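Here is the structure we will look at.
Letters A, B, ... are given to chains in the order of the sequence lines, protein chains preceding strands, and every chain is numbered from 1. Keep in mind the model is a prediction, meaning the values are calculated, not measured.
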2 protein chains.
Amino acid sequence: MAQLRRVVLERLMRYYRFLSESSFKKPPQTVTSAQIAAALDIDATQVRKDFSAIGLLGIGRVGFDVCEVCRAIRVQLGFDQQHDAILVGTGRLGTALLAYSGFERYGLRIVAAFDFDREKTGSEIAGCEVKPMRAMKPFIRKHDIKLAILTTPRQVAQKLADRLISTGIKAIWNFAPTRVTVPSGVLVRDEHISLGLSEIAYHLTHGTEREPESDSQRQVS
Amino acid sequence: MAQLRRVVLERLMRYYRFLSESSFKKPPQTVTSAQIAAALDIDATQVRKDFSAIGLLGIGRVGFDVCEVCRAIRVQLGFDQQHDAILVGTGRLGTALLAYSGFERYGLRIVAAFDFDREKTGSEIAGCEVKPMRAMKPFIRKHDIKLAILTTPRQVAQKLADRLISTGIKAIWNFAPTRVTVPSGVLVRDEHISLGLSEIAYHLTHGTEREPESDSQRQVS
DNA sequence: AGATAAACGTGATAAAAATCTCGATAGGGG
DNA sequence: CCCCTATCGAGATTTTTATCACGTTTATCT
């Protein structure tokens with residue numbers, strides 16, 4: 001199977017969330033591409049193409065089996081496998097992520113948190129132990145951790161990323177408000193909330209006068 | 001000037017952050033498109049095209065004036081104007097956003113927070129008063145608020161969005177883990193962190209075997 | 001001053017993403 | 001049983017986004 005592109009992965013996630021939350025799991029447990037398309041504001045053809053890309057076939061006049069779709073997405077995105085992660089930086093955002101229980105359904109479990117601050121180490125946040133930074137390297141090695149969630153201040157983000165990678169981390173989910181550079185073979189996903197602000201500020205500043213050709217709902221993501 | 005597309009706005013934000021943080025503001029205060037390109041992993045031509053789109057011209061053999069670039073981006077993205085926002089839902093993520101002081105430089109100020117929880121109302125979070133939900137409508141009207149930051153649980157997000165819009169809100173920055181549907185003329189920016197998880201989980205599950213055609217650094221977002 | 005080279009602006013081109021079109025398939029009603 | 005139509009699959013097309021190619025501008029060196 002060909003490499004799935006990022007846009008496809010993100011749409012798969014959207015389909016998955018929609019189908020998990022929706023009432024389509026009641027009998028007859030089928031959904032059409034048009035229904036998904038309408039709910040998520042995506043073209044129906046696009047939905048079918050994405051499904052086709054992960055080997056899902058629908059049936060004419062019926063649609064797709066919801067359970068089968070969810071299962072296929074789980075397999076593709078690896079939600080069935082348990083991924084243990086550590087979190088680095090227990091500021092407010094780090095704390096919020098530790099407390100968020102929604103990751104478990106995607107196979108993600110945060111097994112430890114690390115911080116420089118002596119005041120914090122030793123305590124627990126949302127049932128997760130906060131350890132001192134010097135304990136990080138042995139912990140990663142011992143538990144063979146592959147993913148780190150970076151929620152530190154901007155100034156130390158790159159330095160910590162380097163440290164994480166030298167210890168064997170293969171993916172970094174970066175919430176620090178700066179870009180992090182990594183060698184090939186390691187994945188970084190920068191989650192800059194400030195990018196969203198560019199669109200919002202622009203919209204508020206330049207008013208609502210977009211081309212009025214469409215009266216449909218306006219949605220971005 | 002033509003409508004700027006979302007990808008362009010996001011890149012402008014990245015340029016702005018990079019130039020604000022960087023040392024290019026020292027004399028001679030110039031930067032070349034190639035320098036920006038290298039730092040942000042964007043093609044240099046793209047940088048020049050984006051600058052050209054907001055009316056910025058560089059000079060051959062020199063590059064661009066850093067101050068002028070920053071000013072132009074600020075003007076385009078409206079960072080010079082003050083945008084007052086309210087925050088709805090003072091859970092952990094809401095609290096983290098209230099405490100984040102980085103928005104001010106983009107002209108965004110959170111002037112009040114609202115919550116259903118009687119325990120929280122009346123208190124202050126990071127210097128921002130938490131008010132009861134029934135005070136929301138009069139507050140929006142009185143202060144002519146145009147932007148709301150939505151950090152509620154999934155179940156109430158749509159209902160509150162509807163309420164916000166009926167009161168005159170023109171843009172919603174949605175951090176609730178669900179999609180929010182709005183009428184035309186209102187902007188929603190959904191900030192789903194779980195979308196990032198799709199890419200990370202896929203990478204961890206399917207290993208690092210991407211096409212090895214490029215030995216450059218791997219960076220997304 | 002003229003040669004040189006770094007950097008720009010922009011039209012042309014390529015690649016990626018989204019959308020359209022249409023023949024095929026399969027339930028449901030007569 | 002056969003028609004009708006909702007739905008699918010996938011090739012063709014369009015739109016958007018990114019990259020290339022190349023002529024122009026401008027500081028620096030001799």
If the plane angle is over 60° it's perpendicular, under 30° parallel, otherwise tilted; pick one for B:Phe103 and B:Tyr100. perpendicular
Could you check A:Glu68 against A:Arg74 for salt bridge (Lys or Arg N to Asp or Glu O under 4.0 Å), going step by step and ending with a plain yes or no? CA-CA 10 Å; A:Glu68 206 184 314; A:Arg74 271 203 309 277; over 6 Å; no
Donor-acceptor pair, side chain of A:Thr151 and main chain of A:Gly89, under 3.5 angstrom: yes
Check whether any side-chain heavy atom of B:Glu21 lies under 4.5 Å from a side-chain heavy atom of A:Arg154, and answer yes or no. yes
Under 3.5 Å: donor-acceptor pair, side chain of B:Gln81, backbone of B:Gly78: no
Give the rounded distance in Å between these two atoms: CD of B:Glu10 and P of D:dT17. 11 Å
Between B:Thr178 and B:His192, does any side-chain donor sit less than 3.5 Å from a side-chain acceptor? no
When rounded to the nearest 0.5 angstrom, what is the spacing between OG in A:Ser33 and CG in A:Leu56? 12.0 Å
Looking at B:Thr205 and B:Ala201, would you say the former's side chain and the latter's main chain have a donor-acceptor pair under 3.5 Å? yes
Between B:Trp173 and A:Ile193, what is the shortest heavy-atom contact and its length? CZ2-O, 3.2 Å
So, B:Glu191 and B:Arg179, do they make that salt bridge, N to O below 4.0 Å? no
Might you list the N or O atoms of the protein lying below 3.5 Å from N or O atoms in nucleotides 19-24 of chain D, with each pair's distance?
from, atom 1, to, atom 2, distance (Å)
D:dT19, O4, B:Lys49, NZ, 2.9

Is it true that the side chains of B:Arg17 and A:Ser194 contain a donor and an acceptor less than 3.5 Å apart? yes
Sorted by number, the residues of residues 50-58 of chain B with heavy-atom contact under 4.0 Å to DNA chain D: none
Test your reading of the model: is there a side-chain donor-acceptor pair from A:Gln158 to the backbone of A:Thr181, 3.5 Å cut-off? yes
Has A:Glu104 got more than 12 heavy atoms of other residues, nucleotides or ligands less than 6.0 Å from its CD? no
A:Gln35 CD to D:dC8 C1', in whole Å, measures 14 Å
Angle by which the axis turns from one end of the helix from C:dA1-D:dT30 to C:dG30-D:dC1 to the other, five pairs per end, to 10 degrees: 10°
Run B:Asp144 and B:Lys146 through salt bridge (Lys or Arg N to Asp or Glu O under 4.0 Å) and show every step you take. CA-CA 6 Å; B:Asp144 193 33; B:Lys146 293 275 172 277; 2.7 Å; yes
For DNA chain C, which nucleotides open and close the run of contacts to chain A, 5' to 3', at under 4.0 angstrom from a non-hydrogen atom? C:dA16 to C:dG27
Per-nucleotide protein contact along nucleotides 25-30 of chain D, 5' to 3', at a 4.0 Å heavy-atom cut-off (B base, S sugar-phosphate only, - neither), is BBB---
Please determine whether side chain to side chain contact (heavy atoms under 4.5 Å, CB included) holds for the pair A:Leu4 and A:Leu12, giving the CA-CA distance in whole Å, both sets of side-chain angles, and the decisive distance to 0.1 Å. CA-CA 10 Å; A:Leu4 296 178; A:Leu12 288 175; 4.1 Å; yes
Short of 4.0 Å, heavy atom to strand atom, which residues of residues 63-74 of chain B count as contacting DNA chain D? none
If you find the nucleotide of DNA chain D closest to A:Ser33 and the one closest to B:Arg11, which residue's nucleotide is nearer the 5' end? A:Ser33
